Each structure stands twice: as structure tokens, then as C-alpha cells.
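To keep things clear, I will list the structure first and then write my remarks on it.
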Amino acid sequence: MNETNTTILVTGAAMGIGRAVAEQLASDGKRLVLFDRDGAALEKTAREIGGTVATYVGSVGKLADSEGAVRVAPDRVGGCGGVC
């Protein structure tokens, strides 16, 4: 597997530690699915970090939201290789 093409699902990605993780992964060339409850902050994060990024608004505390975030990975960024 080419590690630069790995897609990672980052929870809590809109701010704080989650955003910092997303920024680092994007700078390492990873494709990302950013997942958070704050849609506006999440979109801002996606715009600012650039790269191959999809967003999903929801709560990790809700199974349907978590499943939805994983399901968008293949369609929007090409699969999911890990969760942060």
C-alpha cells in the first residue's frame, strides 16, 4: 500500500487536537474524512488545510453518524485506512 494514498477518518476535526491531527496528516499527503458536530468550523478546517478532504457532520456518540462518516470515504476520497 502506498502510504501517501491512505485515507484517514479524523474525529473531532473542527478544532483543537483533532484539527491539529488533521493538519499534520494533510501535510503528510493523507486523504482525509473530517468528522465533527460543528459543521461551520469543520468546513473552515477543510478549506484551510486543503488537500483531498471530505467532511461529515455528526456525533461519534451516535452509531448512525459514525457509520455515515465511514460510508462517505469510498465515494468522496477513495476508501478508509484508519481512524484517529
Side-chain angles (χ1 to χ4, degrees):
M1 177 201 299
N2 182 345
E3 288 192 23
T4 60
N5 289 330
T6 301
T7 300
I8 307 293
L9 172 65
V10 182
T11 61
M15 57 189 83
I17 294 170
R19 181 184 170 123
V21 168
E23 289 171 343
Q24 181 61 53
L25 291 169
S27 73
D28 290 344
K30 306 299 186 202
R31 298 177 308 212
L32 304 175
V33 175
L34 306 180
F35 183 34
D36 200 282
R37 294 179 299 180
D38 186 340
L42 191 60
E43 290 301 324
K44 180 179 178 192
T45 296
R47 280 192 311 276
E48 291 177 355
I49 67 171
T52 304
V53 178
T55 60
Y56 193 88
V57 178
S59 171
V60 295
K62 295 181 181 176
L63 181 59
D65 288 351
S66 296
E67 289 173 340
V70 172
R71 278 194 301 272
V72 302
D75 293 336
R76 296 190 193 168
V77 292
C80 188
V83 178
C84 294

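No experiment lies behind these values; they were computed from the predicted model shown.
Of all heavy-atom pairs spanning L9 and F35, the tightest one is CD1-CB, 3.9 Å. Heavy-atom minimum distance, V10 versus G18: CG1-O, 3.5 Å. Here the shortest heavy-atom pairing between R19 and T45 reads NH1-OG1, 3.0 Å.
Taken to the nearest 0.5 Å, the CD atom of E48 stands 8.0 Å off from the CD atom of E23. From L34, atom CG reaches atom CD1 of I49 across 5.0 Å, with rounding to the nearest 0.5 Å. To the nearest 0.5 Å, atom OG1 of residue T11 and atom CG of residue D36 are 8.5 Å apart. The line from CG of D28 to CD1 of I8 is 10.0 Å long, rounded to the nearest 0.5 Å.
Put simply, the residue from L25, V21, T7 that forms a side-chain contact (heavy atoms from CB on, under 4.5 Å) with L32 is L25.
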Which atom pairs, one a donor and one an acceptor, fall under 3.5 Å between side chains of residues 58-69 and the rest of the protein, sequence neighbours left out?
from: S59; atom 1: OG; to: G61; atom 2: N; distance (Å): 3.1
from: D65; atom 1: OD2; to: S59; atom 2: N; distance (Å): 2.9
from: S66; atom 1: OG; to: V60; atom 2: O; distance (Å): 3.3

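For the side-chain contact (heavy atoms from CB on, under 4.5 Å) test, residues two or more places apart in sequence or in another chain that qualify with A41 are A14, M15, D38.
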